[in-house]
Amino acid sequence: MAAVLPVTRQIARSVQEITRASHELCISEVNDCLIFDRHGVSKTFNSLFQHNKAIIIFVRNFLCYTCKEYVEDLGKIPPQMLQESNVRLVVIGQASWCHIEAFCSLTGYSHEIYVDPERQIYRKLGMRRGETYMETPSSSPHVKSGALVGSLRSMWRAMTSPVFDFQGDPLQQGGALIVGPGAETDFAHFDMNRLDHMPINWLLQLAGLQTLDFSDSPKIIDI
């Protein structure tokens, strides 16, 4: 199995590009926004990072095939690795909380997950609605399906869901934050399109964690 090389120059360039946005990001504007767990119980957004660092992933919608496959890889991160570093891993969607359980069962994701059904946090942080593609097409190491097959699978899941809806605004894009402890924002990335999410190993490195080999089982890579 080929070794996964650690991110060096690429991640430095990305950090440089995003640092300005991270500093300009006013996380206090969304501190009191409510998020909901799989039981419909609410908590404030800032409770996720008051006392520890948190990697927070905002996904497009629970039917999106790229989000499904990305979260499948997030689910491979060993809980012990996060606990030892006092880092929380959180996924936030924009569907109703009633879709959380099925999404976790589908993806095998067992870490923290919440929803922002009114998209208050998405909007206040300025996450994009609609997709923008660059001259060089975006690619993701976590998405295995092609657009046609992935879209057909998403459509089938929508049709067979107990509640027939899009499980979120299909035009809403997501992003990633590394925040805490407190209001300190270390990193922010807002997706331009469905394939523009941050590679998970980049986020792990930025949060001070070891990287993983996602090609098979989640094997820790020493760097």
Side-chain angles (χ1 to χ4, degrees), residues 7 11-38 40-62 64 67 70-71 74 77 79 81-97 100 109 111-132 168-169 171-194 196-209:
V7 180
I11 198 166
R13 184 177 68 244
S14 296
V15 171
Q16 185 176 23
E17 291 172 358
I18 302 299
T19 296
R20 181 174 65 257
S22 299
H23 288 166
E24 293 173 356
L25 193 67
C26 189
I27 204 74
S28 62
E29 292 183 2
V30 294
N31 277 347
D32 296 327
C33 289
L34 294 179
I35 52 177
F36 299 84
D37 67 14
R38 67 186 68 203
V41 178
S42 66
K43 66 193 308 180
T44 58
F45 180 63
N46 68 344
S47 66
L48 300 177
F49 48 84
Q50 282 180 325
H51 306 296
N52 45 262
K53 186 186 296 289
I55 302 172
I56 304 175
I57 309 295
F58 293 84
V59 297
R60 296 178 70 243
N61 60 76
F62 288 162
C64 173
C67 296
Y70 186 78
V71 173
L74 286 174
I77 298 175
M81 187 177 83
L82 297 168
Q83 293 165 3
E84 289 174 352
S85 300
N86 194 30
V87 175
R88 297 170 77 170
L89 175 62
V90 182
V91 166
I92 295 180
Q94 37 120 5
S96 166
W97 61 266
I100 292 177
Y109 179 84
H111 303 292
E112 292 183 76
I113 182 168
Y114 304 92
V115 291
D116 171 22
E118 302 299 325
R119 295 187 293 123
Q120 291 187 22
I121 302 172
Y122 286 78
R123 289 198 301 266
K124 289 184 178 182
L125 290 182
M127 293 186 195
R128 184 181 299 271
R129 188 172 183 273
E131 297 187 82
T132 300
D169 182 345
L171 295 179
Q172 179 65 59
Q173 305 306 307
L177 302 175
I178 299 177
V179 195
E184 180 180 354
T185 305
D186 293 330
F187 180 79
H189 169 80
F190 296 161
D191 302 342
M192 297 185 69
N193 56 67
R194 70 191 66 191
D196 190 40
H197 43 237
M198 288 295 296
I200 296 171
N201 275 332
W202 292 27
L203 294 172
L204 293 177
Q205 283 191 317
L206 285 165
L209 301 171

Heavy-atom side-chain proximity of [X] to [Y] below 4.5 angstrom:
X: Leu209; Y: Leu82; answer: yes
X: Val41; Y: Trp97; answer: no
X: Thr44; Y: Asn31; answer: no

When rounded to the nearest 0.5 angstrom, what is the spacing between [atom1] in [X] and [atom2] in [Y]?
X: Gln172; Y: Arg119; atom1: CD; atom2: CZ; value: 5.0 Å
X: Tyr114; Y: Leu48; atom1: OH; atom2: CG; value: 6.0 Å
X: Ile56; Y: Phe187; atom1: CD1; atom2: CZ; value: 13.0 Å
X: Phe58; Y: Leu125; atom1: CZ; atom2: CG; value: 5.5 Å
X: Ile121; Y: Glu29; atom1: CD1; atom2: CD; value: 12.5 Å
X: Phe36; Y: Lys43; atom1: CZ; atom2: NZ; value: 12.5 Å

Here the side-chain hydrogen bond (donor to acceptor under 3.5 Å, both in side chains) pairs for residues 47-59, sequence neighbours left out, are Lys53-Asp186

Mind listing the closest non-hydrogen atom pair of [X] and [Y] along with its distance?
X: Glu112; Y: Tyr109; result: O-OH, 2.7 Å
X: Phe45; Y: Ile27; result: CE2-CD1, 4.1 Å
X: Asp169; Y: Arg129; result: OD2-NE, 2.6 Å
X: Val87; Y: Ala207; result: CG2-O, 4.4 Å
X: Phe49; Y: Ala54; result: CB-CB, 4.2 Å
X: His197; Y: Asp191; result: CA-OD1, 3.4 Å

With sequence neighbours left out, the residues meeting salt bridge (Lys or Arg N to Asp or Glu O under 4.0 Å) with Arg123 are none

Evaluate the criterion side chain to side chain contact (heavy atoms under 4.5 Å, CB included) for residue pair Asn61 and Gln94; output intermediate values, then yes/no.
CA-CA 6 Å; Asn61 60 76; Gln94 37 120 5; 4.0 Å; yes

- Ignoring hydrogens and angles, tell me if any N or O in the side chain of His189 forms a donor-acceptor pair with the backbone of Asp196 under 3.5 Å. yes

Tested for side-chain contact (heavy atoms from CB on, under 4.5 Å) against Ile55, the lone hit among Leu203, Val91, Leu177 is Leu203

Run Ile113 and Arg38 through side chain to side chain contact (heavy atoms under 4.5 Å, CB included) and show every step you take.
CA-CA 8 Å; Ile113 182 168; Arg38 67 186 68 203; 3.6 Å; yes

Worksheet entry | Full working for side chain to side chain contact (heavy atoms under 4.5 Å, CB included) between Ile200 and Leu74 | CA-CA 7 Å; Ile200 296 171; Leu74 286 174; 3.7 Å; yes

- Message: Within the 3.5 Å criterion, strictly below it, is a donor on Arg60 or Gln173 matched to an acceptor on the partner's side chain?
- Response: yes

